[in-house]
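Before any comments, here is the structure.
These values consider heavy atoms only, across backbone and side chains, with no hydrogens, waters or symmetry-generated copies. Keep in mind the model is a prediction, meaning the values are calculated, not measured.
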Amino acid sequence: MRSTKAFIYKKNFEHNLSEIKKALKPETKICLAVKADAYGHNAVLAAKEAESLGVEFLAVATVDEGIELRENGIKANILLLSLCTPPEMHELFEFNITPLVFSKAYIKALSDEADRYFTSKSEEFSVHLAVDTGMGRIGCYSSEAAEEARLISSSSHLKLGGMITHFALSDGVSDSAQDYTRMQYEDFVKAVESVKACGINPGICSCGSSAALMTHPEMHFDMVRPGIIAYGYYPDEVTKEYLSSRGVHIDLKPVLSFETEVVAIRPFPKGKSVSYGRTWISDKDTDIAVLPVGYADGLLRRFSPGSQVTINGRKYPVVGRICMDQCMVDIGKNNPDVKLWDRVVIFGPEESGALCTAEDYASLGKTISYEVLTSLSKRVVRYEFPESNSSTSETR
């Protein structure tokens, strides 16, 4: 087992899903985002656990992500949130992955591919119509929704299984951000109603991702699409404190711990420098612990100076530039609390002993927890944290 690894705290994941369900009506479906390897948490593990807890839909960003889930036995509905290219379209049908569609050209291309794939005239394939209400990314405008719904319905094999939009500012707390979210919601309602007016069932309608599902229960529609909150972090400005001030009490627990070990302890005299560029020079005699983790693992170069790691219940600063595969920590002179091979927690839940979270690192890097978590590379093996004395099981 390599020193640098990540542990998945499945009980915390279960807790977060339970907290999400508490915010919903019993009939509201959940579409859990497991794209980008479940925000760095191992998509297969997250999908299997979510499916066992009754989650009906899983959201991916690429066809390959959906195929990985199917090849690992996932039976839940899989919703593809990004567009695919014509050579990938037959795989949607083969692996039963529900795509978002919009525009006459895209719908026609998918319909033509469905005509080639399906041999029986009675076979139908569900698609969700994407509506752009203000994200400016993908989707038809609300004024075009009815026409595109009719185009889907006129296809030999496609059927409208749902409608979807995505909010651009629901994770903001300013009046202008909330006004923009309400405008998007109202535009989406208009699109849905226009489809109904044509005599077409719009299917499962969805617009609320992590922030909106917590702050705007009136916008839940038929299904919500939680992402970051399932993995234990609040979305940007919609913090735990902000929610509490509005009478919303959702307690989230980080799911992943990012860990390594001390592989060397070196005495450093005053005036000696550490790492590339000599950006840190010791101002006193001290000792430096070397950790086998760097930016190729996801401990990004911009996290130094300022980042801290936890060793045996105490924080220690990372000093000098973080290297591709290693970084260095100032542990102080002759520190009896830090020994060779000691466990080091970079960030994680309280249960891991971490004194920092991915949110702390995000603040340091002037980014969001999403980026910190998804930056963990493939060479950081994810393990399911053992809840008993049984041996740790590898999940990748």
Side-chain angles (χ1 to χ4, degrees), residues 6-82 95-98 100 126 128 161-162 164 166 204 206-214 220-235 250-257 349 351 358 369-370 373-374 376 382-387 393-396:
F7 286 100
I8 306 301
Y9 286 71
K10 191 168 70 172
K11 282 191 174 180
N12 288 6
F13 181 67
E14 293 171 357
H15 167 84
N16 296 337
L17 284 179
S18 176
E19 289 290 289
I20 292 167
K21 288 179 180 179
K22 280 165 47 178
L24 308 176
K25 294 178 180 177
E27 65 270 21
T28 304
K29 294 177 173 60
I30 292 176
C31 177
L32 175 68
V34 294
K35 61 181 182 173
D37 204 28
Y39 293 36
H41 290 68
N42 188 281
V44 172
L45 175 63
K48 286 182 176 179
E49 186 61 20
E51 190 174 50
S52 73
L53 295 171
V55 170
E56 297 180 60
F57 279 78
L58 302 165
V60 298
T62 69
V63 176
D64 285 346
E65 288 179 344
I67 292 172
E68 180 188 28
L69 298 185
R70 290 289 186 235
E71 289 181 340
N72 281 275
I74 299 301
K75 305 298 184 186
N77 298 292
I78 297 175
L79 188 63
L80 177 67
L81 297 180
S82 301
F95 292 95
N96 193 23
I97 298 168
T98 304
L100 301 189
S126 178
H128 285 214
I164 185 171
H166 193 57
I204 299 169
S206 166
C207 63
S209 51
S210 287
L213 80 84
M214 295 189 294
H220 287 173
F221 264 106
D222 306 307
M223 184 167 71
V224 294
R225 306 189 309 272
I228 194 67
I229 58 175
Y231 306 107
Y233 290 93
Y234 296 87
I250 295 182
D251 175 48
L252 303 177
K253 296 181 179 182
V255 173
L256 179 146
S257 69
E351 295 91 332
S369 57
Y370 308 66
L373 293 165
T374 58
L376 297 187
R382 277 66 157 177
Y383 297 89
E384 184 179 332
F385 183 78
E387 304 296 347
S393 58
E394 186 175 331
T395 63
R396 189 196 302 283

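- To the nearest 0.5 Å, atoms CG (L53) and NZ (K48) are separated by 14.0 Å.
- Between G227 and A33, the closest heavy-atom pair is CA-CB, 3.9 Å.
- Closest heavy-atom contact between P254 and P349: O-CB, 3.2 Å.
- A donor-acceptor contact shorter than 3.5 Å is absent between the side chain of N42 and the backbone of R382.
- Ring geometry for F385 against F7 counts as perpendicular: the plane angle is over 60°, on a 0 to 90° scale with 30° as the lower cut.
- Listed here is the closest heavy atom pair of A38 and A43: CB-CA, 3.7 Å.
- Within the model, atoms OG of S206 and NE2 of H166 stand 10.0 Å from one another, a figure rounded to the nearest 0.5 Å.
- Under the 3.5 Å distance criterion, the side-chain polar atoms of N16 are matched with a main-chain donor or acceptor of K253.
- Counting heavy atoms from C-beta on, the side chains of L24 and I30 come closer than 4.5 Å.
- No side-chain donor-acceptor contact under 3.5 Å links H220 to the backbone of G208.
- A distance-only check finds a donor-acceptor pair linking the side chain of H41 to the backbone of Y39 [under 3.5 Å].
- The two atoms that bring P226 and C31 nearest to each other are CD-O, 3.4 Å, heavy atoms only.
- Between the side chain of T374 and the main chain of Y370, a donor-acceptor pair closer than 3.5 Å is present.
- The structure places CG of L69 at 8.0 Å from CD1 of I97, a figure rounded to the nearest 0.5 Å.
- The shortest distance between side-chain heavy atoms of V60 and L81 does not fall below 4.5 Å.
- Closest non-hydrogen pair, K75 versus R70, comes out as C-NH1, 3.5 Å.
- At a threshold of 4.5 Å between non-hydrogen side-chain atoms, the residues F57 and M223 count as touching.
- Contact record, V255 with G232: CG2-N, 4.4 Å, taken as the closest heavy-atom pair.
- Between the side chain of S369 and the backbone N or O of Y233, no donor-acceptor pair lies under 3.5 Å.
- A donor-acceptor pair is defined here as one N or O able to donate and one able to accept, closer than 3.5 Å; no such pair exists between the side chain of R225 and the backbone of L32.
- In this structure a side-chain-to-backbone donor-acceptor pair under 3.5 Å is missing from N72 to V44.
- Applying the side-chain hydrogen bond (donor to acceptor under 3.5 Å, both in side chains) rule to pairs touching residues 19-31 yields E19-K22, sequence neighbours excluded.
- Atoms CG and CG, from L376 and L256 in turn, are 6.0 Å apart once rounded to the nearest 0.5 Å.
- I250 is not listed as a side-chain neighbour of I229, based on a closest heavy-atom distance of 4.5 Å or more.
- The structure places OH of Y231 at 13.0 Å from CG of L252, a figure rounded to the nearest 0.5 Å.
- Once rounded to the nearest 0.5 Å, the distance linking OG of S209 with CE of M214 reads 9.0 Å.
- With a 4.5 Å cut-off on side-chain heavy atoms, L79 and L100 count as touching.
- When the side chain to side chain contact (heavy atoms under 4.5 Å, CB included) test is applied to A76, the partners found at least two apart in sequence or on another chain are E51, L58, I74.
- Contacts of T62 classified as side chain to side chain contact (heavy atoms under 4.5 Å, CB included), with partners at least two apart in sequence or in another chain: D64, E65.
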